[in-house]
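There's a structure below that I have some questions on.
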Amino acid sequence: MTASRRTILKGAAGLGVAAAMVNPAAGAVDPGIAIADSRLAEGRAFAITARAQGMVIHDVATFDGELWPMVQALPATRRKVTGLTGWSDFVVLRGFLEERGLRLVEERKLKHSGARPATPFAWEMG
């Protein structure tokens, strides 16, 4: 039996759906880690949403500029890390997370108006 391109694509689509299915009893899906900056209104809103999705939240503001201890406290396993921080914190965290084997998946500057302690950036590494 020969496999056509269509058969292969249908099989791959079925595998994708099966992989995306969540089995809450088995805890099969790891929602990942969220890093937020509570000094930003956007960061606080992001943390609330991430917590509702079951993510473990780490707040940049509680580490008072010392991000390395926060990164060391993260689990050593490779997992998704999603964040909403200012640019400077993002650059430092990106470097630390890249050293742990994670790569940048997405990064975007968020629109904001008025005075802010930092320009908010939403990002994801995995």
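Positions are given from 1 along the sequence.
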Aromatic plane relationship, F121 with W87 - under 30° parallel, 30 to 60° tilted, over 60° perpendicular: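 Plane angle between 30° and 60°, so tilted.
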Closest heavy-atom pair and its distance - V71, R100: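 Heavy atoms only, the tightest pair is O-NH1, 2.8 Å.
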L93/V81 under side-chain contact (heavy atoms from CB on, under 4.5 Å): CA gap, chis, key distance, verdict: CA-CA 10 Å; L93 288 166; V81 178; over 6 Å; no
For A34 against M55, the heavy-atom pair lying closest together: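 Residues A34 and M55, closest heavy atoms: CB-SD, 3.8 Å.
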Transitive ILVMFWY side-chain link I48 to V56, under 4.5 Å: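 No: no chain of side-chain contacts under 4.5 Å links I48 to V56.
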Least distance between heavy atoms, T85 atom then D37 atom: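 Taking every non-hydrogen atom into account, CA-CB, 4.2 Å.
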Verdict with reasoning, F46 to L40, per side-chain contact (heavy atoms from CB on, under 4.5 Å): CA-CA 10 Å; F46 168 75; L40 301 170; over 6 Å; no
Heavy-atom closest pair, residues G43 and L84: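 The pair with the smallest heavy-atom distance is N-CD2, 3.6 Å.
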Shortest non-hydrogen contact from M125 toward L104: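 That would be CE-N, 3.8 Å.
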Reported CG-to-NE2 distance for the pair L67 and H58, which is rounded to 0.5 angstrom: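 Between atom CG of L67 and atom NE2 of H58 there are 12.5 Å.
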Distance (rounded to the nearest 0.5 Å) between E124 CD and L102 CG: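 If I round to the nearest 0.5 Å, the distance is 10.5 Å.
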Reported CD1-to-OG1 distance for the pair I57 and T62, which is rounded to 0.5 angstrom: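 With rounding to 0.5 Å, CD1 (I57) is 11.5 Å from OG1 (T62).
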Residues that S38 engages under side-chain hydrogen bond (donor to acceptor under 3.5 Å, both in side chains), provided they are two or more places apart: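 For S38, the residues satisfying side-chain hydrogen bond (donor to acceptor under 3.5 Å, both in side chains) (neighbours in sequence not counted) are D59.
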Point-to-point distance, once rounded to the nearest 0.5 Å, from CD of E107 to NZ of K109: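 With rounding to 0.5 Å, CD (E107) is 11.0 Å from NZ (K109).
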For A47 against A36, the heavy-atom pair lying closest together: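 The answer is CB-CB, 4.1 Å.
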Gap between atom CD1 of I33 and atom CZ of R79 - 0.5 Å precision: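 Interatomic distance, R79 CZ to I33 CD1, rounded to 0.5 Å: 4.0 Å.
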Residues V60, R39; criterion side-chain contact (heavy atoms from CB on, under 4.5 Å); working and verdict: CA-CA 9 Å; V60 169; R39 297 171 291 195; 3.6 Å; yes
Sub-4.5 Å side-chain heavy-atom contact between E98 and R103: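 Counting from C-beta outward, E98 and R103 do come under 4.5 Å.
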Side chain R94, main chain W123, donor-acceptor under 3.5 Å: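 Not confirmed, R94 side chain does not pair with W123 backbone.
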